[in-house]
Asker: 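Quick one: the structure is below, questions incoming.
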Amino acid sequence: MRSRKNILTKILSYLLVICVIFSLPLGISSFAADVNGTVDFESYKLGYPQTSENGILLSADKNTAASGKKALRYGYEWEVTNAKSGAFALLSFDGTKAIELNAATQYEVSFKYMLKGSTACSVDLGFFSSSSVTPNSSKLREEIGRAEKLVTATTKKNTWHSKTIKIATNKTFIEFSGNDCNALAIGFYSYTDEGMGTDVYIYIDDITVKAVGTAPTYTLKFDTNGGSAVSDIDGLMNRNITLPATPTKDNFVFAGWYTDKALTQKFSDSVFTRNLTLYAKWIASGGYYIDFNSSSYDSPYKDSVGIQTAISKESFNSPGKSLKYRNIGAYGARRLLITEDGNRVTVKDKTLYKVSFSYRNYTRTPAYFETMTSGTSLYTGTQVLGGTFVLSKEDEWKHATYYFYTELFAPEENYLVFYITGDDNNKSDIYIDDIEITEVAVPDDEPIIMLIDYSDGENSDYMTGKEDAPLSIKEPKREGYKFISWSEDNWHLNEFWDDGFYFSKRIYAKWAKLKQTQNFDDTYNHTGVSLGYDLDIEVYDATKSGNKQSNVVSAPNSIFRKGEKDLKKAFTLFDDNMEPLVPDQNYLVSFAVKVDKANNPDGEILLAHTTSPYYAWSCEDDATYFVTSISELPQGKWVKVSYLMTVYEKYLSVFTTSNNSIYFDDFTIEWMPDDAELEGGESVIISELDIPADTVIENDNPATDKNSGKDNANTESSATGDNSRPMLFIVLGLLSALGLIAVYYFEIRKRRQNND
């Protein structure tokens, strides 16, 4: 009996230990639920600021909510036009009480957002510790983290995106009427001077807030490479960096901070995210470095007509400010360069210079850079030096290297000018920063200078040689492109054939992009002229109410020839996101097409060589090429058409004839070598797409009713605790208990056998 009691005592002890062990995670999870939570706006009743004056409203449509029926919406008609200063909203878990933050704490914030309407903006989402009474007062809030460029010109519309960032609070909070300003708020910011503009709506939902530990502090150390000493600076995670005063060094000019000893990686962090040592770069006295961070740059530039350039505190490339060229068209804008102490940048005659700078093409439209010199007046006696440098259309910071050779009209016309232009069809906003200007030594016995522009928006080079000396230029490489030839102008109208140093000139690399696609997504420039003013052709948006999603292949949009007019109709393939084709080169054009109604089987699909990316009709009749007849295509089924052709203009349009209802989608244009051919020597191949006629491969509206479960994009557990974890511990506990009972049973049985 005693042995049986001992066994029972051991088992009860084991069970007690197991209960304690398995209750710990449950207790931790319960504790976490008190700290964490999800803002889903279903019961959002805080009352401030849910007004149109602040640009924030609640939506009540499950199509504009990530997993329920409500979401927070930023953007409301004309009020948001001037909302650059921000629109703010308090957050709450239960809809009645603001979320209170702890001091010196790091939080992980996950959320979902969706863009609807225009993309002509760049918007940040800021997180703040603020007053629970007046969160829109700048004196009663402090930014504790920011999701930079939450939406841009390339953000996919009408679909939910997920994002997770880290935020951190200070050791103490701002006080307001004796209370800590520790309520959590969000605020939207726009980078455009006019605010967001109209027809822009950003929805945000399912904001999960999770405490993850103590807020870290980071340190920046400074190695001045022989310059005057600079003290370390500390900052809380995600806090703005304010760099110390510029160091000095005799007979040298400071040229910025770098993150590596080799001085190849420019420091561009705007907030504290890591411990780091920065290294000073120096250039010989006589060079120039301009970062626009001095207060002397703050006022608008008066010499530029219409004040088209200014110093911007936003979208900067380094911790400070940048030069902004605003709303630039074909006429362009010019800016005389001055140093931090107010002196104009001057150049010498008959001299080779290197200019390096950082830039960002904010509006993703064509833009060009030129150096010029001028006299005391910006618009008299100017001279273009060395031709045009093409700026990349990517909406991100690039680093460009540019060489030019001076040949001044007069000695007094030696002030350096930065000249940025756009084109006739677009307006561009360009940010410039970190300009470095140095003189390049040229051998006296090599008077011929060949300036080489690689036409990639970043790189250029130079060569010098004696007159009539042989010239050999290595073929350049560029990822995603095929090098075609060298040209003497940026528009590639004149081929460069020289085999020796005969005249000083600039040459440009001609490239063919290997592959481009057009699926008519929300960045497709179909407003205005892109469709050729054709009322019988539209961009079909499958997400609109009443439209059938089966009419698109792999994106929410397609091109739809409605079949209302028995005429030849056309639409352009190209927009500002695509690059021109190279004439006299071979291209494989593939696209998906579905004949909805073949009203006239004698109709045709044709490709046309056009001289403009914007006008479908800018072609001659003999530049239109037959691809396939409607009778060759099945009705009601998506098929793929592949057509091999030699192009003679830079752009392509698609033409259809007769009255037929047709959908087009997913155009791919691939460069092909001269000897390329389709299978069997065919010029066109029609093949079935392996998808059902009523299937959409990518559903861009994943919103579901909250009662039916989370949508597919929400892969993280609920912030109120993962229900699967307690259940897992319960199951494991039961299994352990059963195991102990089994041990008890076999132990008793063994003892009985021993007694027998």
Side-chain angles (χ1 to χ4, degrees), residues 153 301 304-306 308-309 317 322-337 353-374 378-379 382-405 416-435 437 451-462 478 481 486-494 496 505-511 513 525 574-580 582 611-614 650-651:
Y301 192 62
S304 183
V305 175
Q308 289 179 288
T309 68
N317 183 47
S322 59
L323 172 63
K324 180 180 181 181
Y325 288 75
R326 178 180 175 272
N327 208 23
I328 304 303
Y331 186 69
R334 313 177 190 194
R335 178 99 181 196
L336 278 167
L337 295 184
Y353 286 91
K354 175 183 177 181
V355 177
S356 65
F357 59 94
S358 298
Y359 72 92
R360 175 188 169 197
N361 188 341
Y362 166 71
T363 39
R364 292 178 58 88
T365 54
Y368 313 93
F369 161 74
E370 296 179 8
T371 48
M372 307 178 69
T373 61
S374 77
L378 184 62
Y379 287 89
T382 58
Q383 174 163 1
V384 176
L385 300 172
T388 303
F389 184 86
V390 180
L391 301 178
S392 170
K393 291 195 294 184
E394 296 181 57
D395 182 18
E396 61 183 44
W397 282 98
K398 297 283 187 178
H399 188 76
T401 302
Y402 180 86
Y403 292 87
F404 68 91
Y405 185 74
L416 191 61
V417 176
F418 255 38
Y419 181 33
I420 304 293
T421 65
D423 66 14
D424 291 328
N425 297 291
N426 300 277
K427 300 295 184 180
S428 298
D429 286 355
I430 307 295
Y431 292 89
I432 303 288
D433 208 350
D434 300 321
I435 302 174
I437 305 158
L451 302 177
I452 304 170
D453 191 330
Y454 293 113
S455 303
D456 60 356
E458 295 187 84
N459 300 295
S460 66
D461 206 345
Y462 74 96
R478 184 181 178 189
Y481 291 81
W486 295 103
S487 303
E488 293 190 15
D489 60 277
N490 180 58
W491 293 270
H492 309 300
L493 301 177
N494 301 296
F496 173 72
K505 60 179 64 177
R506 183 183 297 274
I507 61 173
Y508 299 83
K510 182 195 296 186
W511 303 97
K513 194 166 186 179
N525 182 24
F574 283 76
D575 58 20
D576 292 332
N577 297 315
M578 300 180 70
E579 296 188 17
V582 178
T611 58
S612 168
Y614 307 103
K650 295 181 178 180
Y651 308 100

Asker: Using 0.5 Å steps for rounding, measure from the CZ atom of Arg360 to the CD1 atom of Ile432.
Answerer: 12.5 Å
Asker: Just verifying a value: how many Å separate Lys354 NZ and Asp461 CG, rounded to the nearest 0.5 Å?
Answerer: 9.0 Å
Asker: Check Pro366 against Asp423 and note the closest heavy-atom contact, atom names and distance.
Answerer: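 Looking at all heavy atoms of both residues, the shortest contact is CG-OD2, 3.3 Å.
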Asker: Can you label the angle between the Trp397 ring and the Tyr431 ring as parallel, tilted or perpendicular, going by 30° and 60°?
Answerer: tilted
Asker: Classify the angle between the aromatic ring planes of Phe404 and Tyr353 as parallel (below 30°), tilted (30 to 60°) or perpendicular (above 60°).
Answerer: parallel
Asker: Can Asp429 and Lys324 be said to form a side chain to side chain contact (heavy atoms under 4.5 Å, CB included), step by step?
Answerer: CA-CA 7 Å; Asp429 286 355; Lys324 180 180 181 181; 4.0 Å; yes
Asker: Quick one: side chain to side chain contact (heavy atoms under 4.5 Å, CB included) partners of Lys398, sequence neighbours excluded?
Answerer: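 Result, side chain to side chain contact (heavy atoms under 4.5 Å, CB included) vs Lys398: Tyr359, Ser392, Glu394, Glu396, Glu458.
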Asker: Which residues satisfy the side chain to side chain contact (heavy atoms under 4.5 Å, CB included) test with Lys510, sequence neighbours excluded?
Answerer: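 In terms of side chain to side chain contact (heavy atoms under 4.5 Å, CB included), with neighbours along the sequence ignored, Lys510 is linked to Ile484, Ser485, Ser487, His492, Glu495, Val582.
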Asker: Who passes side-chain hydrogen bond (donor to acceptor under 3.5 Å, both in side chains) against Thr388, sequence neighbours left out?
Answerer: Glu370
Asker: Ring centroids only, cut at 6.0 angstrom: are Phe418 and Phe357 within range, meaning strictly under it?
Answerer: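 Ring centres of Phe357 and Phe418 closer than 6.0 Å.
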Asker: Atom CG in Leu323, atom CG in Leu337: separation rounded to 0.5 Å?
Answerer: 8.0 Å
Asker: What class does the angle between the rings of Tyr651 and Phe574 fall in, given that below 30° is parallel, 30 to 60° is tilted and above 60° is perpendicular?
Answerer: perpendicular
Asker: Shortest non-hydrogen contact from Thr309 to Arg334?
Answerer: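 Heavy atoms of Thr309 and Arg334 come nearest at CG2-O, 4.3 Å.
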